[in-house]
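First comes the structure, then the notes that go with it.
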Amino acid sequence: MQMLQVQLEVGTDPREVGRAREWARARLAGFGVEADDSLLETLVLLVSELVTNAVVHTGRPALLRMALSGCLVAGGGTVRIEVVDTGSSPPRRRRADGDDTGGRGLELVCGLADRWGWRQEGTGKRVWCELDRGRDARAAGAGAADTGRSGSAETLLDAAREQSRTRALRA
């Protein structure tokens, strides 16, 4: 099985989140994911949320990794996104109210990724998520006992878009 891994060092400036999104978009395009493919937008959103959490909640540099296994272009494979930071606090899911401008990050990750988790790593942690390509892979993942999914993907994407618009207006 083919495995490709790329990584990016992320600084502490909140503008690094945008740089991470563009980097992820370019790497995925380089691996053959088309610009109009919904997989691309979902993966870029997952990158954005994980990197935002690292930058906002630790205030320290982080390392973003994307690992691709299988053949995404042929309609199969898995993408794993990892963000390693030096913050010792575990990630915490929160429930945001309608007008809140934050607190939806891990809810989005839970709803959009097929799997996610975290583990202590040295004095910090690694937060990761995986997204399987293809309907058959998704159906198999949805049948697992604990997929971490909550809410419909469309509802979560709408919430993410609204949160992004709110962040852009505040910047």
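Because the structure is a prediction, the values reported are computed rather than measured.
Arg80 forms a cation-pi arrangement with Trp128, by the criterion of a distance under 6.0 Å to the ring centre and an angle within 45° of the ring axis.
Contact between Thr12 and Glu16 at its shortest, heavy atoms only, is N-CG, 4.4 Å. Across Val109 and Cys129, no two heavy atoms sit closer than the pair CG1-CB, 4.0 Å. When all heavy atoms of Val127 and Pro91 are compared, the pair lying nearest together is CG2-CG, 4.1 Å.
Ion pairing of Lys125 with Asp85 is present here, as a side-chain N (NZ or NE/NH1/NH2) and a carboxylate O approach within less than 4.0 Å. A salt bridge is absent between Glu22 and Arg19; no separation between the charged side-chain nitrogens and carboxylate oxygens falls under 4.0 Å.
Of the possible polar contacts, one joining the Arg60 side chain to the Thr86 backbone as a donor-acceptor pair under 3.5 Å is found. Formation of a donor-acceptor pair under 3.5 Å by the Gln120 side chain with backbone atoms of Gly124 is found in this model. The main-chain N or O of Ala54 is found under 3.5 Å from a side-chain atom of Thr58 such that the two form a donor-acceptor pair.
Counting non-hydrogen atoms of other residues, nucleotides and ligands closer than 6.0 Å to CD of Glu9 gives a total of 12 or fewer. Heavy atoms from other residues, nucleotides or ligands lying under 6.0 Å from CD of Gln5 number more than 12.
For the pair Glu49/Leu45, a side-chain contact is recorded, criterion being any heavy-atom separation below 4.5 Å from C-beta on. Residues Thr78 and Leu131 are not in side-chain contact: their nearest non-hydrogen atoms beyond the backbone lie 4.5 Å or more apart. Inter-residue side-chain proximity for Met66 and Val47 is flagged as met; some heavy-atom pair is nearer than 4.5 Å. The side-chain heavy atoms of Arg133 and Leu43, taken from C-beta on, include no pair separated by under 4.5 Å.
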Under the side-chain contact (heavy atoms from CB on, under 4.5 Å) rule, what do Val55 and Val10 come out as? Steps first, then yes or no, please.
CA-CA 8 Å; Val55 169; Val10 179; 4.0 Å; yes
Please step through salt bridge (charged side-chain N to carboxylate O under 4.0 Å, His left out) for the pair Arg119 and Glu82, ending with a clear verdict.
CA-CA 11 Å; Arg119 67 178 177 161; Glu82 300 178 342; 6.0 Å; no
For Arg126 and Arg65: C-alpha separation, side-chain torsions, deciding distance, then whether side-chain contact (heavy atoms from CB on, under 4.5 Å) applies.
CA-CA 10 Å; Arg126 175 186 309 261; Arg65 288 189 186 117; 2.8 Å; yes
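Under a hydrophobic-cluster definition in which Ile, Leu, Val, Met, Phe, Trp and Tyr are linked whenever side-chain heavy atoms come within less than 4.5 Å, directly or via other members, Leu63 and Leu4 are assigned to different clusters. Neither Val44 nor Val56 shares a network with the other; the hydrophobic side chains, linked directly or stepwise wherever heavy atoms of I, L, V, M, F, W or Y lie under 4.5 Å apart, form separate groups for each. In the hydrophobic clustering of this structure, Ile81 does not group with Val84; members are Ile, Leu, Val, Met, Phe, Trp, Tyr whose side-chain heavy atoms approach within less than 4.5 Å, directly or through other members.
Each of Leu40, Leu68, Val79 was compared with Val33 under the side chain to side chain contact (heavy atoms under 4.5 Å, CB included) criterion, and only Leu40 meets it. Each of Val83, Val17, Leu64 was evaluated against Leu50; a single residue qualifies, Val83, per the side chain to side chain contact (heavy atoms under 4.5 Å, CB included) test.
We find the CG-CD distance between Asp36 and Glu41 to be 10.0 Å, quoted to the nearest 0.5 Å. Summarising the geometry, atom SG belonging to Cys110 is positioned 13.5 Å from atom CZ belonging to Arg115; distances are rounded to the nearest 0.5 Å.
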